[in-house]
Amino acid sequence: PMQILSVIGGVVKVEETDLKSRVGLLYPINTHNISLFINASREQDSGQYMCTVNVVDDVIRMHKNVGLINLTVLVPPATPTCQLHGSAVVGANVTLSCSSKKGKPSPKYQWQREPPTLQVFFPPAQDQDKGTLKLTNLSLEMSGVYVCRAENQAGSENCSIVLEV
């Protein structure tokens, strides 16, 4: 553990950490609310934060003066990359893949064929965790634009690929 902020005798001291310019108390200390803010949060700010309150001449009871909270900073998916695996010829099988280099939690992937022949895909053809779409026994009518959406609680991004059978 590392200390990021302390209040002693009513004086707030922010320690020399990467949070120094982004952290502080939400309210003045005399309100007795010692809520902390973190501005411009980053993925590496995720972790367990502990608040310890020690009052001069007070009896310190084990674990009664400590508050813990776990912080998880969500990260939206980066723009994914769409790829075609296999030969797009009549009667063949191909796999479309979609992957995003960033995202917390890991993004889910949804493939869709764009209008004029709108089509949404489901398992087992589509794997939402791996980002793959298996197209079997290709026909000329399966040509079109296929869009992959990478999504998590923090946001979403798309990529697309043109399939020409």
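Note that the structure is predicted; figures quoted are calculated from it, not measured. Note: hydrogens, waters and symmetry copies are ignored here, and every other heavy atom, side chains too, is used.
Considering CG of Leu133 and CZ of Phe122, their distance stands at 12.0 Å, rounded to 0.5 Å. Within the model, atoms CZ of Phe121 and OH of Tyr146 stand 5.0 Å from one another, a figure rounded to the nearest 0.5 Å. To the nearest 0.5 angstrom, Lys13 atom NZ is 8.0 Å from Gln3 atom CD. Rounding to the nearest 0.5 Å gives a distance of 6.0 Å between OG1 of Thr17 and CE of Met2. With rounding to the nearest 0.5 angstrom, the OG1 atom of Thr52 is 9.0 Å from the CD1 atom of Ile34. Here Thr117 contributes atom OG1 and Gln119 contributes atom CD; the two are 8.5 Å apart, rounded to the nearest 0.5 Å.
Hydrophobic clustering (side-chain heavy atoms under 4.5 Å, transitive across Ile, Leu, Val, Met, Phe, Trp, Tyr) groups Tyr49 together with Leu25. No path of Ile, Leu, Val, Met, Phe, Trp and Tyr side chains, each step under 4.5 Å between heavy atoms, connects Tyr27 with Ile38, placing them in separate hydrophobic clusters. Hydrophobic clustering places Leu138 together with Leu140 (ILVMFWY residues linked when any side-chain heavy atoms are closer than 4.5 Å, directly or through intermediates).
Of the possible donor and acceptor atoms, one in the side chain of Ser100 sits under 3.5 Å from a partner among the backbone N and O of Ala78. Asn65 contributes a side-chain N or O that, together with a main-chain N or O of Val53, makes up a donor-acceptor pair within less than 3.5 Å.
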Side-chain donor/acceptor pairs under 3.5 Å, residues 80-97, sequence neighbours excluded:
residue	atom	partner	partner atom	Å
His85	NE2	Ser97	OG	2.7
Asn93	OD1	Asn137	N	2.9

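Annotation for Glu114 and Val147: closest pair CG-CG2, 3.4 Å, computed over non-hydrogen atoms. Between Asn152 and Pro77 the shortest heavy-atom distance is OD1-CD, 3.4 Å. Contact detail for Trp111 and Gly131: the closest heavy-atom pair is NE1-O, 3.1 Å. A pairwise comparison of heavy atoms in Leu118 and Gln112 identifies CD1-NE2, 3.3 Å as the closest pair. Taking each heavy atom of Asn39 and Phe37 in turn, the nearest pair found is ND2-CE1, 3.3 Å. Scanning both residues, Val75 and Ala154, for their nearest heavy atoms gives C-CB, 3.7 Å.
Listed by chain and residue number, nothing satisfies the salt bridge (Lys or Arg N to Asp or Glu O under 4.0 Å) test with Glu141 (two or more places apart in sequence, or in another chain). Legend: residues meeting side-chain contact (heavy atoms from CB on, under 4.5 Å) with Gln110, ordered by chain and number and at least two apart, are Val120, Gln126, Gln128.
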Go through the steps for Gln48 and Ile69 under the test side chain to side chain contact (heavy atoms under 4.5 Å, CB included), then give the verdict.
CA-CA 6 Å; Gln48 188 173 68; Ile69 189 165; over 6 Å; no
When you look at Val23 and Val14, which way does the side chain to side chain contact (heavy atoms under 4.5 Å, CB included) test go after all the steps?
CA-CA 8 Å; Val23 72; Val14 181; 3.7 Å; yes
Derivation of the side chain to side chain contact (heavy atoms under 4.5 Å, CB included) call for Leu5 and Glu15
CA-CA 6 Å; Leu5 185 142; Glu15 303 297 328; over 6 Å; no
Check the pair Leu163 / Ser143 against side chain to side chain contact (heavy atoms under 4.5 Å, CB included), numbers first and verdict last.
CA-CA 5 Å; Leu163 177 65; Ser143 295; 5.5 Å; no
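Using a 4.0 Å cut-off between charged side-chain N and carboxylate O, Lys134 and Asp127 make no salt bridge.
When the shell of 6.0 Å around NZ of Lys130 is examined, it contains 12 or fewer heavy atoms from other residues, nucleotides or ligands. By the neighbour-count criterion of 12 heavy atoms within 6.0 Å, atom CG of Leu68 is densely surrounded, having more than that number from other residues, nucleotides or ligands. The number of heavy-atom neighbours closer than 6.0 Å to CD of Gln44, taken from other residues, nucleotides and ligands shown, is above 12.
Sorted by first and then second residue, the salt bridge (Lys or Arg N to Asp or Glu O under 4.0 Å) pairs with a member in residues 81-107 form an empty list; sequence neighbours excluded. Every pair passing disulfide bond (SG atoms under 2.5 Å apart) that includes a residue from residues 83-126 is listed here, sequence neighbours excluded: Cys98-Cys148. Screening residues 142-161 for salt bridge (Lys or Arg N to Asp or Glu O under 4.0 Å), with sequence neighbours left out, gives Arg149-Glu151.
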